[in-house]
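Any value given below was found using the heavy atoms of this structure, including those in side chains, with hydrogens, waters and symmetry copies removed. In the text below, chain A, chain B and the rest are named by the order of the sequence lines, each starting its count at 1.
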Amino acid sequence: MTPVTATVVTAVTVGLLAAAPPPEQVAIAAAVTMICLVVIERSVSPIALLLGWTVAFLIPLVLIHGLLNTQFPVSDTFYGVPIRSKGIAYAGVTGAFIASLFVVAVYWLRVKRDQFMKFLVVLGLPTALLSVAFQALSLVQQIDSRSRIIALAQRARGIDTEGNIFTRARALVPIVLPLTVTLLREARTRAAIQDYVRAQDAIHAPIAAKLMSFAELLIVSAGAGLLWLLLEQPPPLRLLQV
Amino acid sequence: MGEQYTRVEVTTDDNVLWQVLSEAEGLASAHSGGRSISPATAVGFVPVNPQMVFSGIWASIGDELSQIAKLHGTDAASIAKQFELTDLVGQKPQDLSGGEAIRAAVALVYASKPSVWVLDRCFEWLEPRHRGSLSHFFLSELQRGASIFELSSGRRWFIEADASPNTSKSQTVVRRDDRRPAEPSQPILELNNVSAMLSPRFTLGPISLKIRAGERVALVGPNGAGKTTLAKIAAGLLAHTGKVLVAGTQPERRRAWAQHVVYAFQNPDDQIFRASVRQELSETARRAGRFESHRLRNIAEIMGLLNHLRLNPLDLALSNRRLVTAGAALVPRIRLAILDEPTAFLSANQLQSLIRATEFFVNSGGAVISITHDPEFASQFATRTISIDRGQVVDDTRP
């Protein structure tokens with residue numbers, strides 16, 4: 001996945017949501033971008049990730065608005081439990097809206113760190129901003145690889161780090177504590193290395209990509225669209241009013 | 001400005017390093033001779049954890065190196081060749097072994113053309129050959145006019161390494177009678193045609209071997225030969241083909257495995273999480289259901305940790321933290337303890353304490369496997385030496 005593709009998807013998705021189409025179109029937009037993701041990645045694993053995230057939000061939304069929110073009229077009962085069909089529809093539209101944003105997030109997750117860094121360089125961001133982005137990305141990678149090593153090291157001494165949710169919860173302290181302590185302990189050293197060795201490393205990333213002015217335009221458009229969306233009333237509510 | 005080598009012994013963490021770095025910056029300013037050069041970028045700093053040198057953003061060691069080389073106008077290809085990294089340039093930094101990571105880190109730092117080097121205990125995890133070649137490299141840096149500050153754990157790897165002191169020591173060590181292995185018994189660990197493919201570049205095995213009670217096994221070989229991979233398979237931490245039997249059975253669950261085999265990783269900070277040294281030493285034994293308080297006291301006494309039992313292990317120096325994690329693996333009365341580079345960062349006295357602690361463990365019916373690049377330790381510790389190279393056992397000797 002290239003940053004340009006992810007930028008295009010971001011712009012299109014945000015544009016569609018900002019244009020406040022009927023609820024069905026939000027769902028269609030989410031479905032189309034999902035299918036594009038599967039085609040580009042040649043894998044359905046991103047969809048599983050996406051559904052997992054969306055369902056985690058959708059279940060409480062349905063429970064709250066479909067059963068408990070008295071602003072929606074009761075349309076039926078099930079063993080005495082009130083069912084609010086308009087509330088369920090509202091939860092569904094909100095879920096589709098969230099899914100659309102998650103599609104964008106999944107696209108960006110598939111962009112490799114080095115490609116993203118080069119993309120930022122091409123955009124001509126200021127050195128200070130590049131340096132911050134570089135260090136943030138670097139830290140994410142280091143946290144990821146270090147946490148895997150620590151989990152294995154704790155397994156080596158008999159601490160279960162895999163299994164059901166309770167087992168994983170119990171393993172949190174033996175993993176998170178060494179990870180946090182190590183990162184804090186090494187923070188000053190990492191800063192020193194940044195100074196001594198690479199300083200303005202990010203600026204010197206090799207650049208081969210084209211269409212950068214187009215990508216810049218898309219990013220600015222997407223940013224403007226998102227801003228407009230946030231400044232307006234909550235989008236799902238707006239969609240229901242259409 | 002002439003050459004300058006300064007060796008600083010590290011007894012406590014961190015503060016010494018920052019004093020040295022500050023001094024190095026001052027020296028780098030003097031080296032620049034009035035040219036407009038940042039003192040910071042003229043200092044070549046190789047930290048105790050070489051992985052910190054890699055940004056993790058670029059996809060491979062080669063990319064990391066070429067980024068730094070472009071920044072400082074140096075030639076990445078020739079540097080890779082100089083540090084024997086040509087075969088590793090396509091690898092991800094996190095996939096390198098400890099010694100490979102140190103060579104790559106030194107190469108990256110060298111690409112920034114430093115005039116003053118600060119080496120924070122970076123010789124500890126290197127195999128003797130690369131320890132020698134890096135020593136030669138730093139000697140040539142000294143001759144070129146660079147200055148070097150070496151932070152050391154008390155044992156001399158650099159400068160004297162040119163005269164191979166460790167090799168000569170290893171030949172003159174008087175072996176003691178009580179280091180003979182116990183009578184042959186049921187194997188504690190049995191590997192039958194074990195193989196593991198970690199990457200297209202590296203396949204371990206097939207390897208077959210047996211470890212018996214009473215054995216103290218030194219697992220030696222070049223960096224990246226497969227020592228840690230083999231140890232992880234023995235500890236049930238890595239997927240493999242072939243059969244691994246622990247005490248005659250093939251453990252199906254991780255917990256069952258941990259009741260027989262414990263593995264202390266290279267970096268102590270990856271394992272320490274309890275609030276006191278006492279708790280940390282007992283943690284592994286309690287998890288295995290094999291805790292005996294008198295064993296904890298014995299190990300703590302042997303390792304010189306008795307006075308630290310109430311302290312937070314994270315407040316101890318790196319060398320003592322290393323002893324704590326090794327000690328935690330030796331406290332439980334289990335079959336097999338695997339120690340990965342346990343002598344890194346230890347002083348000569350602490351090394352002797354560690355050897356005595358492994359003797360205590362073995363005398364209670366267990367066996368110890370230690371991955372090591374330290375010839376002095378190997379010669380004093382081992383009743384059996386298994387050499388691995390390119391994923392194969394190339395030598396298996398019982399002196």
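- Of the possible donor and acceptor atoms, none in the side chain of Gln141(A) sits under 3.5 Å from a partner among the backbone N and O of Trp58(B).
- The distance from atom OG of Ser112(B) to atom CD1 of Ile193(A), rounded to the nearest 0.5 Å, is 11.0 Å.
- We find the OG-CD distance between Ser145(A) and Gln51(B) to be 6.5 Å, quoted to the nearest 0.5 Å.
- Of the atoms belonging to Ile338(B), not a single heavy atom falls under 4.5 Å from chain A.
- Heavy-atom distances place no part of Ala111(B) under 4.5 Å from chain A, backbone and side chain included.
- Remark: Thr182(A) OG1 to Leu314(B) CG distance equals 8.0 Å, nearest 0.5 Å.
- In this structure, the portions of Ala59(B) lying under 4.5 Å from any heavy atom of chain A include both its backbone and its side chain.
- In this structure a side-chain-to-backbone donor-acceptor pair under 3.5 Å is missing from Arg188(A) to Trp18(B).
- Using a 4.5 Å cut-off between heavy atoms, Tyr263(B) contacts chain A through both its backbone and its side chain.
- From Gln154(A), atom CD reaches atom OG1 of Thr284(B) across 8.5 Å, with rounding to the nearest 0.5 Å.
- Taking Phe116(A) as the reference, Trp108(A) meet the ring-ring contact (aromatic ring centres under 6.0 Å, His included) condition, with sequence neighbours excluded.
- Heavy atoms of other residues, nucleotides or ligands lying less than 6.0 angstrom from CZ of Phe57(A) number 12 at most.
- Annotation: ring-ring contact (aromatic ring centres under 6.0 Å, His included) contacts of Phe83(B) (sequence neighbours excluded): Tyr110(B), Phe137(B).
- Proximity to chain A involves both the backbone and the side chain of Leu237(B), based on heavy atoms less than 4.5 angstrom apart.
- By the 4.5 Å heavy-atom criterion applied to side chains, Ser138(A) and Ile57(B) are counted as neighbours.
- The CG atom of Asp114(A) sits 10.0 Å away from atom CD of Glu64(B), with the distance rounded to the nearest 0.5 Å.
- With a 6.0 Å radius and a threshold of 12 heavy atoms from other residues, nucleotides or ligands, Arg290(B) has its CZ atom above the threshold.
- With respect to chain B, the highest number of heavy-atom pairs below 4.5 Å among Ile159(A), Ile175(A), Leu137(A) belongs to Ile159(A).
- Between Asp144(A) and Gln94(B), every side-chain heavy-atom pair lies at or beyond the 4.5 Å cut-off.
- Contacts between Glu186(A) and chain B at a heavy-atom distance below 4.5 Å involve backbone atoms as well as side-chain atoms.
- The candidate from Leu177(A), Leu139(A), Ile150(A) with the greatest count of non-hydrogen atom pairs under 4.5 Å with chain B is Ile150(A).
- Closest approach of Gly158(A) to Ala258(B), counting heavy atoms only: CA-CB, 3.4 Å.
- Contact of Val118(B) with chain A is not made at all, since no heavy-atom distance falls under 4.5 Å.
- Although no hydrogens or angles enter the test, the distance criterion places a donor-acceptor pair under 3.5 Å between the side chain of Arg157(A) and the main chain of Gln271(B).
- The residue among Val262(B), Asn267(B), Asp120(B), Asp269(B) with the most heavy atom pairs within less than 4.5 Å of chain A is Asp269(B).
- Between atom CG of residue Leu238(B) and atom CG of residue Leu152(A) there is a gap of 8.0 Å, rounded to the nearest 0.5 Å.
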